[in-house]
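Chain letters run A, B, ... following the sequence lines, proteins first, then strands; residues in each count from 1.
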Amino acid sequence: MKTIAILSGKGGTGKTTLAASLARLAGEKALADCDVEAPNLHILLQGKLLEKKEYRGAQTALIDEDLCRQCGLCREACRFQAISAGYQVIPFRCEGCGVCSLVCPHGAAHLETVKTGDTYVHETGEGLFSHALLDIGAEGSGKLVTEVRRIIQPYIQTEKLFFIDGSPGIGCVVIASLTGCDAAILVTEPTLSGKSDLLRVLDLAGHFSIPAVVCINRFDVNLKITEEIEAYCWQARVPVLGKIPFDSRVVEGLRNYKTPLEMEGSTAAAAIRGFWENMQKYLQKPPPVSLAFQLENV
Amino acid sequence: MKISVLSGKGGTGKTLVATNLAAAVRPSQYVDLDVEEPNGYHFLKPRLRETVSVGVPVPRLEEGKCTGCGLCAQVCQFNALAAIKNKVLIFPELCHHCGACSLACPEKALQEVQREVGTISIGEERDFMQGELQVGEPVAVPLINELKRRVKENGPVFFDCPPGAACAVVHAVEDTDYCLLVTEPTPFGRHDLAIAVRLMEKLGLPFGVLINKGDGKNGDVHQFCREKGSKILAEIPFSLEIAETYSRGELLVQREKDWLHFFQNLFGKIKEEVGHENHRHPQR
């Protein structure tokens, strides 16, 4: 089974819309929504719940007020200003490092594992689908991503592809979505912001030696920047496998919980199908050598 | 007055709103807290005066002192140290910089050294600041904290926040006076707006909503705001012209006077809301 992450760097470029469309187009596949802080893919996929579990992914310090002598050693040692003047742990700030429990001479501080989110596995019309929602302000979103990728594995049978709908950015949540993938689809938009963000996430993919392909969404909003992105990808040997035109039917469809593929006459839908054809050919070739590897061997 | 512009969902228009607010309200500070993917500089085109390296403390072993007791690896909650056969391996990218290992080491064999995670760029007069996380580094928070430490205490400050709703956003919006939630009228926008609102409630921060790419009806979002009693401060209609202007890195307020007035009025409404909030909670 090949695992393919769908990333972008920039938010709002169309990852989830593309992921849902590929869900409809691809054959035997599984899906995961690894945007655990603001998941959206479940909005477009319907299915039967196979499992829902609490995820206990972090620790928080607790101070026993009966044992606490308010000596202040914990507050001094805590690097996250997570202990208030009243010796209460401030949950949003606590990293769960345990330094307070190390320095407390009265044994008043200890660590407790806490729930940080909920995970789900569904059987949808398009296949198996795992996702999660991080508890508001909770720590350890990267770990929850790893969990989302893990929980679907026991249900996998003949699936050939595993699509991971990722989040914007390049930090721990994206890294956890990207590591170990066979390829990454980078969805971008022809804006100065989209382009600079693409370059950073491409850099990240290279850093982890994950081969990447690009899909330029709403490409006709700025043809000049589309050309710049294509030129950059050409010299970086990153294939641009799709260019999707701006199409008002996409949002219209979204408002009715439909992908562009279900919208009659959608020009975006035609381009997405073209992208998928190119992607399938790309996946059939032997694993391409990533740019990072190429530079090493020059 | 510190104003955070956030959204939950990516791509709703945080940077569009934050940069245009900063340009319309002078003097003011703009701070790009989306250190993973900063974009404000495309629009504000600052003259950068200074770039500062930002580091975090990570442990380094003084091998001569290590007895291989393994206490450091035991106390580390993040598996950033492994004690194998009297040797200690350190994984700095897993380190949470808490200092537990060096505290626990009975031989004082662990020193802390600085590891660069990114940079901060500061414009002239400090009216523009941005952070840039080094590609491959996982955690944005140290850069966000460093940026907020350098904010001038007088005048309005606009924080352009990252997407999401977890630790980076929490650190970005903490201790600000007002949060402007930028949403879009789609099921995705509404879903993530609900998440952002729950974050506001949990943090006890006053907030209002701006609907971007509006379609005139904005059914989902209007209904949600009505149910929650959340105030909608303004709406920017969807327009391909705005999208094209944005794509070129141009500010709306520099194209048309109407937009200058729009963003100045928006700031006026925010000030009014902050005034009401201070009236309701004078001890804040």
Tell me, with the steps shown, if A:Leu192 and B:Ser247 meet side-chain contact (heavy atoms from CB on, under 4.5 Å). CA-CA 6 Å; A:Leu192 287 186; B:Ser247 78; over 6 Å; no
side-chain contact (heavy atoms from CB on, under 4.5 Å) for A:Arg200 and B:Glu132? Distances and angles first, verdict last. CA-CA 10 Å; A:Arg200 282 167 68 74; B:Glu132 216 173 297; 3.6 Å; yes
Is there a side-chain contact (heavy atoms from CB on, under 4.5 Å) between A:Phe92 and B:His171? Walk through the geometry before answering. CA-CA 9 Å; A:Phe92 287 117; B:His171 284 264; over 6 Å; no
Does the pair B:Phe78 and A:Gln59 meet the rule for a side-chain contact (heavy atoms from CB on, under 4.5 Å), with working shown? CA-CA 10 Å; B:Phe78 310 106; A:Gln59 297 185 100; over 6 Å; no
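Only the side chain of B:Leu240 has a heavy atom closer than 4.5 Å to any heavy atom of chain A. Only the side chain of A:Ile43 comes within contact range of chain B, judged by heavy atoms closer than 4.5 Å. With a 4.5 angstrom heavy-atom cutoff, A:Val173 does not touch chain B via any of its atoms. For A:Leu178, no part lies near chain B; criterion is any non-hydrogen pair under 4.5 Å.
Between the side chain of A:Glu37 and the backbone N or O of B:Ala166, at least one donor-acceptor pair lies under 3.5 Å. When atom types are taken as modelled, the side chain of A:Arg255 and the backbone of B:Pro185 share a donor-acceptor pair closer than 3.5 angstrom. Between the B:His96 side chain and the A:Cys97 main chain, no donor and acceptor come within less than 3.5 Å of each other.
Taking 4.5 Å as the heavy-atom cut-off, the residues of residues 135-144 of chain B that approach chain A are B:Val135, B:Gly136, B:Glu137, B:Pro138, ordered by number. Of all residues spanning residues 76-83 of chain A, those with a heavy atom less than 4.5 Å away from chain B's heavy atoms are A:Arg79, A:Phe80, arranged by number.
With a 4.5 Å cut-off on side-chain heavy atoms, A:Glu139 and B:Cys167 count as touching.
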